[in-house]
Amino acid sequence: MSRVADGSAVAAFALSEPGAGSDAAALALRADRDDARAPTSAPGPGEAAPAARGASSAASGAAPGVPGAAPADPGSSPAASGVEPGVAPAASGVAPAVPGTLPAHPGSSPAASGVAPGVPEVAPAVSGTVPAGPGPSGVEAQESPVAERDGWGSWRLSGEKCWISNAPEADFYTVFARTTPGAGARGVTAFLVPADRPGLTGTPLDMLSPHPIGALAFDAVPVTADDVLGEPDRGFRVAMHTLNLFRPSVGAFAVGMAEAALAATLTHTAGREAFGGRLKDLQTVAHQVAEMAMRTEAARLMVYAAAAAYDEGAPDVPRRAAMAKLLATETAQYVVDAAVQLHGARALRRGHLLEHLYREVRAPRIYEGASEVQRAVIAKELYASVEAP
């Protein structure tokens with residue numbers, strides 16, 4: 001959407017739920033047919049209802065400073081996560097919803113990142129129509145309802161979303177809801193829902209994050225075929241394709257944290273007097289700094305490779321995206337921790353750069369798919385290339 005692109009509107013990616021974090025395919029937010037708006041006669045047996053009109057582009061918040069829109073998935077939907085790349089794992093219950101409708105914030109700046117503190121956030125969701133095709137691995141193909149522009153293609157959303165970046169301050173939400181019960185990933189539909197839609201309320205969550213993170217409550221929120229992103233019952237592919245973009249962006253954010261910690265460490269160890277000389281002259285310190293630099297550079301190159309593969313539409317994007325996110329976030333954790341150790345107690349003082357980084361570096365290993373999910377994705381993609389046809 002143009003407003004999201006020019007920074008006059010904030011978007012968010014609403015996938016995670018209290019009981020569906022890493023296992024995003026288990027989401028329970030319901031999209032019930034709205035009988036009150038249904039026509040007197042629904043399509044009869046053998047009758048094909050008109051195809052759903054492609055919805056306008058959705059947007060999901062992108063990690064801090066890394067907003068971006070994920071184009072509609074033009075082919076097969078690479079299962080971003082092993083069995084599913086969830087967002088932040090489900091943890092505690094969702095804070096109670098605040099009464100009232102979410103106000104729009106047309107003047108706010110674009111959000112930061114996915115579910116993590118200050119990370120390249122959840123980029124805008126997908127726009128356009130996602131062609132039908134094979135769904136996530138292990139899911140049986142089945143008939144999916146075809147929606148009309150109005151009447152028969154109307155739903156009411158009921159349920160909760162949790163750990164959503166930019167909630168409850170976003171102007172638009174890319175919401176994933178279950179339109180076909182018991183169908184797993186095949187029964188999920190993606191909707192673009194404005195924040196001022198009746199029945200939608202939000203509650204901010206107090207978390208380690210430089211940008212808003214909150215919970216959303218849906219009380220029979222009305223949506224129609226015009227709000228569908230892609231096709232009904234094929235929304236999980238929209239989510240997975242979007243995560244293939246989010247993951248390298250989270251990796252880029254993590255590399256930035258590692259670089260900041262490394263730069264601070266070089267300055268500190270070069271000037272700090274201890275044991276009759278400078279810290280940098282101690283072999284233990286010098287070798288530690290060399291290790292920090294090597295790992296940071298390796299993570300940067302892997303993030304570049306994943307981003308290039310995404311831009312080229314390469315078939316191995318899911319694997320590369322998962323590798324980039326995994327290596328970069330694990331590297332950032334290592335480098336920041338080592339930097340704190342070399343700085344000593346001063347690094348733990350409130351307001352110190354490393355005190356800030358130490359808090360911010362933990363969340364990226366959870367959201368946009370935890371490290372364990374990334375390893376599952378990588379292994380799945382590798383074995384898929386050697387299995388007999």
Side-chain angles (χ1 to χ4, degrees), residues 12-28 60-64 66 78-94 112-123 136-138 161-165 176 185 205 207-209 211 213 215 236 239-255 257-258 295 299 302-303 306 317-337 358-382:
F13 184 76
L15 177 63
S16 292
E17 297 182 3
S22 289
D23 185 9
L27 62 83
S60 78
V66 188
S81 50
V83 176
E84 139 13 45
V87 197
S92 59
V94 182
S113 146
V115 165
V119 177
E121 177 146 15
V122 180
S137 172
K161 291 292 181 182
C162 195
W163 306 294
I164 307 304
S165 292
F176 298 87
L205 299 177
M207 302 183 71
L208 290 176
S209 173
H211 64 278
I213 291 181
F236 195 72
M240 296 306 97
H241 183 76
T242 304
L243 287 171
N244 283 338
L245 172 63
F246 291 173
R247 286 170 176 165
S249 72
V250 172
F253 168 69
V255 168
M257 287 194 288
R295 294 196 191 191
M302 186 160 280
V303 167
V317 167
R319 174 174 63 83
R320 287 183 175 275
M323 284 182 168
K325 198 265 185 182
L326 175 62
L327 181 64
T329 55
E330 298 281 335
T331 294
Q333 183 82 57
Y334 167 82
V335 172
V336 171
D337 187 72
Y358 200 67
R359 285 184 288 107
E360 299 297 296
V361 76
R362 189 59 185 85
R365 291 171 58 200
I366 296 176
Y367 65 89
E368 310 307 358
S371 293
E372 293 76 11
V373 168
Q374 306 311 317
R375 289 185 172 93
V377 173
I378 295 165
K380 176 190 170 193
E381 294 293 320
L382 289 172

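Computed from a prediction, not measured in an experiment: that's the story for all the values here.
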Q.
Within the structure provided, determine whether Ser22 and Glu372 are in side-chain contact (heavy-atom separation under 4.5 Å).
A. no
Q. Under 3.5 Å, is there a donor-acceptor pair between the side chain of Lys325 and the main chain of Phe246?
A. no
Q: Using the test side chain to side chain donor-acceptor pair (under 3.5 Å), find all partners of Arg365 that sit at least two apart in sequence or belong to another chain.
A: Glu330, Gln333
Q) Looking only at heavy atoms, what is the nearest atom pair of Leu243 and Pro248, with distance? A) O-CD, 4.5 Å
Q | Heavy-atom closest contact (Ala299 atom, Leu327 atom, distance) | A | CA-CD2, 3.8 Å
Q: Please confirm whether the backbone N or O of Leu382 pairs with a side-chain atom of Arg319, one donor and one acceptor, at under 3.5 Å?
A: no
(Q) For a quick test of reading the model, state the closest non-hydrogen atom pair linking Asp337 to Tyr358 and the distance between them. (A) OD1-OH, 3.3 Å
Q | Straight-line distance of Asp23 CG to Glu17 CD, nearest 0.5 Å | A | 10.5 Å
Q.
Do Met323 and Leu326 make a side-chain contact, defined as non-hydrogen atoms from C-beta onward lying under 4.5 Å apart?
A. no
Q. For Ser371 and Thr329, which heavy atoms make the closest approach, and how far apart are they?
A. OG-OG1, 4.5 Å
**Q.** Tyr334: side-chain contact (heavy atoms from CB on, under 4.5 Å) partners, not counting sequence neighbours
**A.** Gln288, Glu291, Met292, Arg295
Q. Hey, what do you get for CD (Glu381) to CZ (Arg320), rounding to the nearest 0.5 Å?
A. 12.0 Å
Q: State, to 0.1 Å, how close Pro364 and Phe253 come at their nearest heavy-atom pair, and which atoms those are.
A: CG-CE2, 4.1 Å
Q: Could you check if a side-chain atom of Phe236 sits within less than 4.5 angstrom of a side-chain atom of Leu27, using non-hydrogen atoms only?
A: no
Q: Heavy atoms only: give me the nearest Val303-Ala328 pair and the separation to one decimal.
A: CG2-CB, 4.1 Å
Q. To the nearest 0.5 Å, what is the distance between CD1 (Ile366) and OG (Ser16)?
A. 11.0 Å
